Amino acid sequence: MTGETLYPRLEPLLAQIQKPIQYVGGELNAQTKPWESAAVHWALMYPDAYEVGLPNQGLMILYEVLNERPDALAERTYAVWPDLAALMREHGVPQFTVDGHRSVRDFDLLGVSFATELGYTNLLEALDLAGVPLHAVDRDETHPVVVAGGHAAFNPEPVADFVDCAVLGDGEQAVGDITDVVKAWKAQGRPGGREELLARLSRVDGVYVPRFYAFSYGPDGTIAAVTRTRDDVPAKVGKRTVMDLDEWPYPKQPLVPLAESVHERMSVEIFRGCTRGCRFCQAGMITRPVRERTITGIGSMVEQGLKATGYEEVGLLSLSSADHSEIGQVAKQLADRYEGTNTSLSLPSTRVDAFNVTLANELSRNGRRSGLTFAPEGGSERIRRVINKTVSKEDLVRTVTTAYANGWTQVKLYFMCGLPTETDEDVLEIAELAVEVIRAGREASGRKDIRCTVSIGGFVPKPHTPFQWAAQASADTIDSRLRLLRQAINSDRRIGRSIGLRYHDGKPGVIEGLLSRGDRRVGRVIERVWREGGKFDGWSEHFSFERWTQAAAEELPAFGVDLDWFTTRERTEQEILPWDHLDSGLDKEWLWEDWQEALSEEEVADCRWTPCYDCGVCPTMGTDIQIGPTGRSLLPLTVV
Amino acid sequence: MARQPDGPPPPPTVQKLRIRYAKRGRLRFASHRDLARALERALRRARVPMAFSAGFSPHPKISYLGAAPTGSASEAEYVEIGLAERCDPEAVRAALDAALPEDIAVLECVEAVQGTGSLADRIDTSVWRVELPGVRLEELAPAVEKFLAADVVTVAKRTKNGLKDVDARPAVASASAAEEAGCAILHMVVRQVTPAVRPDDVLAALAAVADLRPPLPPRAVREAQGRLDDTGTVADPLGPDRAARTRCQGEHATV
């Protein structure tokens with residue numbers, strides 16, 4: 001029988017593995033509907049470990065939106081650790097959902113949220129454990145339709161062989177449309193089989209079905225053309241955009257795990273999209289325009305979420321939270337409302353801006369001031385102009401010093417290494433900056449125990465950004481600059497001991513680069529890596545650079561390309577990029593101009609407070625910026 | 001100068017409640033940290049007026065007593081909470097029970113009575129019931145006999161610092177074999193010693209003395225905890241609070 005629980009078969013295995021709690025489900029606010037009650041069954045997967053996947057907002061939102069429909073049922077599944085995977089293979093237990101412990105194979109759809117490309121091998125592992133053919137072409141109408149979503153789905157070509165479709169953009173409404181199509185097709189007796197279902201799905205706004213698009217390549221390895229294999233599919237697939245966030249107050253009932261997770265707090269998304277125009281930032285490019293939740297919308301989500309979860313911390317989430325048009329009031333009024341309740345509020349890492357210190361002070365009014373995080377991203381003023389995240393060195397030092405003077409003892413600074421046009425000097429300026437920050441901070445706070453942590457990672461150029469044409473820095477370049485930086489920081493011990501340096505070596509970034517800007521030919525590499533045991537590539541203890549480079553060296557030469565071709569090669573303006581037929585709304589000409597302006601170190605302003613500079617998104621997608629201020633106030637809570 | 005929290009210190013503890021709860025079903029796979037997290041959040045959802053510690057990161061006043069191992073079920077887990085306002089223990093029990101997942105049942109809640117001693121002092125022993133699917137009574141009974149007859153049964157125990165040899169025998173005050181629906185059941189009373197001897201260690205000891213190797217993972221349930229007396233009885237650790245309360249109410253009634 002389909003939809004049957006596998007729990008009795010799974011339970012004996014759970015006694016033999018690490019952290020079994022992550023597989024038993026039953027989290028607060030989890031839902032298990034009767035199988036027969038729904039016409040359409042969705043398995044939603046976050047392709048990483050439970051502790052990373054459970055707090056994911058996207059998955060939580062879709063889980064709730066789908067389960068609110070009486071005709072749909074959604075359950076969650078996560079990547080299983082190798083200890084359990086081995087036992088599942090030995091005992092013939094397939095990939096299961098944690099809610100009803102049902103076989104993923106039994107569902108109509110398997111939705112996979114790719115926040116990062118490093119989850120690709122985990123999708124293959126899950127498909128294999130589920131007993132679903134790895135290649136989309138080998139599936140029949142009894143197999144689930146594998147749907148990719150998340151930011152990485154804006155270039156799904158590397159996984160095009162393994163997924164049936166990809167959803168571009170916001171999923172809230174798209175999952176409903178997909179459900180309708182699947183429901184109708186099933187009710188009609190599955191006419192035309194899987195091919196017909198996929199053809200119908202390809203006509204849903206925002207849904208891309210890779211099998212209906214063929215790639216051909218030129219002698220130099222570049223894409224010669226992308227052609228449709230059916231004329232009833234769109235030439236270009238555009239993204240979905242949810243307007244009016246107050247209408248979509250999800251998650252209303254956030255999931256609360258028993259197991260430990262990476263975020264032990266509740267999150268409320270205070271706005272979606274960002275128009276700051278940081279050129280490295282894919283999220284800021286593909287989620288335009290800015291759509292704010294109103295102060296009252298935020299207030300009611302915080303109130304209801306706390307009631308539903310019992311969490312003691314609320315994160316006010318967005319790509320740049322201090323930019324909410326009423327953030328000052330949001331912070332003040334929430335802090336007033338929850339004063340004395342042992343509820344803490346926080347903002348994620350922020351732009352370097354004195355206002356952010358004021359906000360953080362407000363939110364921690366009566367709480368501990370330990371760590372504050374800023375993200376200057378670039379080490380020198382010059383490179384910050386290139387990436388369009390302009391802040392002067394003086395302002396940066398002043399802001400961080402203000403933080404120390406206000407009682408914050410630890411400041412974390414995020415940087416990237418390997419940015420376009422970067423030289424050793426740009427990176428070495430990070431050390432000078434950190435030294436100055438500590439010097440000034442000690443003076444301003446009168447304390448010796450203040451600390452500054454420099455956290456730095458390799459930059460990976462992403463599709464749909466002005467840097468999509470850029471040559472990625474090699475792992476050697478990154479590693480050598482990080483080495484120089486470490487030496488510079490350690491050169492003066494009296495200051496250096498107050499500075500921490502956290503970094504990742506350049507190797508994983510190279511593979512992320514291959515998967516980010518790769519095309520369909522890269523699918524062969526992913527499959528080979530998985531066949532040779534690769535999974536959990538986001539975890540340093542599981543990631544093997546050698547396995548990836550070897551697989552690339554064995555699979556790519558047949559196509560006349562190699563790993564460097566996909567990563568360290570700069571693209572030309574004329575080149576057809578693997579994602580050109582996928583429309584984020586950004587005008588490719590505008591992106592190219594912005595790339596050229598980056599190279600000449602010219603800045604571009606934010607269209608929320610300066611005139612539109614024609615990035616193309618609003619007219620293409622029929623959307624508009626939605627920002628306040630509304631001038632509204634939160635009412636005091638009535639204590640029950 | 002380091003910052004200090006503004007305002008008055010948090011209100012003091014005015015009442016202590018002692019709680020017995022069960023972890024059952026799927027939640028036997030919860031660790032003590034998982035349970036602690038679940039309990040703290042449930043107390044907030046149930047709006048129990050907890051007392052908090054002072055300082056910048058106030059913690060609710062909760063004392064956990066030794067938790068059953070991950071993978072074991074229990075009908076007798078104990079926790080003590082400090083409240084900033086007096087509450088009816090039964091109302092707290094019901095509210096907390098409703099706020100916790102189904103597989104965690106809050107069974108009893110009594111007010112700690114001053115002068116009756118600490119809860120930890122009333123617990124030194126666990127009563128275990130271990131189901132051994134796939135094992136018959138005829139296999140288990142002689143194995144238990146052999147184990148009890150031995151003076152020393154050394155087993156390798158996994159600790160933070162690697163494998164360590166532990167004598168499992170002295171911790172076991174009594175043990176017996178039974179059978180239910182064709183499945184052998186091991187009943188035992190085990191002293192809470194350091195390093196801990198857990199059901200797994202006793203099973204390892206049975207494998208060592210009698211080569212008993214269950215084909216399927218055994219299922220252990222802690223049925224009770226308390227103080228072991230000379231007659232081999234394990235006393236209810238909430239008994240003294242209950243007795244003192246009844247006495248007090250009785251005296252009140254006669255006045």
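Letters A, B, ... are given to chains in the order of the sequence lines, protein chains preceding strands, and every chain is numbered from 1. Since the model is a prediction, treat every value here as computed from it, not as a measurement. FYI, side chains are in, hydrogens and waters are out, and symmetry mates aren't considered; it's all heavy atoms of this structure.
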Under a 4.5 Å heavy-atom cut-off, does chain B meet the side chain of [X], its backbone, both or neither?
| X | answer |
| --- | --- |
| Tyr23(A) | neither |
| Thr341(A) | backbone |
| Gln22(A) | neither |
| Ser261(A) | neither |

Does [X] [atom1] have over 12 foreign heavy atoms under 6.0 Å away?
| X | atom1 | result |
| --- | --- | --- |
| His32(B) | NE2 | no |
| Glu90(A) | CD | yes |
| Arg33(B) | CZ | no |

Fill in: Among Lys19(A), Glu264(A), Gln16(A), residue most engaged with chain B (heavy-atom pairs, under 4.5 Å)
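Top count of heavy-atom pairs under 4.5 Å with chain B: Glu264(A).
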Discussion item. Counting heavy-atom pairs under 4.5 Å with chain B, which one of Ala15(A), Pro257(A), Ser344(A), Gly310(A) comes out on top?
Written reply: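 Top option by heavy-atom pairs under 4.5 Å: Gly310(A).
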Discussion item. Is there a side-chain contact between Leu258(A) and Pro101(B) in this structure, where contact means two heavy atoms from C-beta onward sitting under 4.5 Å apart?
Written reply: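 Leu258(A) vs Pro101(B): side chains touch.
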Worksheet item: Are Leu28(A) and Leu100(B) close enough that some pair of their side-chain heavy atoms sits under 4.5 Å apart?
Response: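 SC-SC contact between Leu28(A) and Leu100(B) ruled out.
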Worksheet item: Any donor-acceptor pair under 3.5 Å linking the side chain of Arg41(B) with the backbone of Tyr311(A)?
Response: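 No.
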Shortest non-hydrogen contact from [X] toward [Y]:
| X | Y | answer |
| --- | --- | --- |
| Phe29(B) | Val24(A) | CD1-CG1, 3.7 Å |
| Pro217(B) | Pro12(A) | CG-O, 3.2 Å |
| Ala308(A) | Arg45(B) | O-CD, 3.7 Å |
| Thr70(B) | Pro20(A) | CG2-CG, 4.0 Å |

Worksheet item: Checking heavy atoms, do the side chain of Arg37(B), its backbone, both or neither come under 4.5 Å from chain A?
Response: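 Contact with chain A: side chain only.
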Worksheet item: Where does Ala38(B) contact chain A at under 4.5 Å (heavy atoms): side chain, backbone, both or neither?
Response: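 Only the side chain of Ala38(B) comes within 4.5 Å of chain A.
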Worksheet item: Does a side chain donor of either Arg44(B) or Thr309(A) reach within less than 3.5 Å of an acceptor in the other side chain?
Response: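 There is no such pair (donor and acceptor under 3.5 Å, judged by atom type) between the side chains of Arg44(B) and Thr309(A).
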